[in-house]
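Working notes, beginning with the structure itself.
Indexing begins at 1, ligand by ligand and atom by atom, following the structure's order.
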Amino acid sequence: MENPFYNRDVISTRDITRDELDMLFTTTDRIRSMSMQDRLEICNGKVLCYLFFEPSTRTRLSFEAAMLSIGGRSIGIASSKESSMEKGESLVDTVRVVDSYSDVIVIRHRLDGAARLAAEVAENPVISAGSGVEEHPTQAMLDLYTILKEKGSIDGLRIGIVGDLKYSRTVYSLLYALSKYDVDVHLIAPPLLRIRRESLYSIDSKIKEHDSIDEVIGMLDVIYVTRIQRERFPDMQEYEKVRHSYIIDSRVLADAKSDAIVLHPLPRVDEITYDVDSDPRARYFKQVSYGKDVRAALLALITNATPPV
Ligand code: NCD
């Protein structure tokens, strides 16, 4: 298969086919099995520029670690305070400038549409690392890869997505990506945090909605938990109403299947208690480690017409 990722922007998982996801996962497997010396050849001399206008630990560092692990380098800004946007420079001008310093741009922004705008302006490919409440496509890629590795396949699974489904952008990218697989999806959220209705038209999976996890916990193969996105609430009183409204602890997991897996894009606040970390079903830290390699594979494919993988 020709490399469909070469020079391409990654803004939404809606734009990516199942065959393309399969290719990404195969490339990830290959990269993971390569010697350090061979890996370092893949992006030798290439530069990634990150523009992070919102806080991040994992996404920015894993992109940086991924690029280093395949021989490339990263430059960038880790907060809006570090950039000339603080002096009034526009996003468009900022993107134009860093486009000339790098081979690929990775952007995170608090506004919907910011990543797409950057992609329109930049000549080099742009990867969204989270744009407003819309999407976080590379998180979904690593979520799917984790499910594939930890469960053996994605088709046929019952997947529960729990928490703040209204404002979690990871959920939207994951749902659009899961639409390409044969899965049953259970969305579990208090009424105030239910999925945004307008997004449902692009989700093809079989979906059922529930107010409480107790109704479905016993049948789920994957329990994907999200944090309440406090910073995205337009009204703090609404946040206060849903705060602490769901908690995954060992009592809840006592009813889960023995081979279920618990995932979370992280950061966790209080929605998964610390006692769950020692449960063998907790795989959220494994998910983080897969993330670096999935991002390395994506960077390899985007920046090389024929990656040496
Ligand atoms: C997510 C995000 O930024 O949307 N973080 C991440 O990249 N893993 C999830 C979150 O902040 O809750």
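Contact between Tyr246 and Arg227 at its shortest, heavy atoms only, is OH-C, 3.7 Å.
Without hydrogens or angle criteria, Arg108 side chain to Ala129 main chain gives a donor-acceptor distance under 3.5 Å.
Ring orientation note: the planes of Phe25 and Tyr145 are tilted relative to one another, at an angle of 30° to 60°.
The shortest side-chain heavy-atom distance between Ile159 and His186 does not fall under the 4.5 Å cut-off.
By the 6.0 Å contact criterion, CD on Glu240 is enclosed, its count of non-hydrogen atoms from other residues, nucleotides or ligands being greater than 12. With a 6.0 Å radius and a threshold of 12 heavy atoms from other residues, nucleotides or ligands, Glu198 has its CD atom above the threshold.
Within 4.0 Å of ligand 1, protein heavy atoms come from Thr59, Arg108, His136, Gln139, Arg169, Thr170, Arg227, Gln229, Pro265, Leu266, Pro267.
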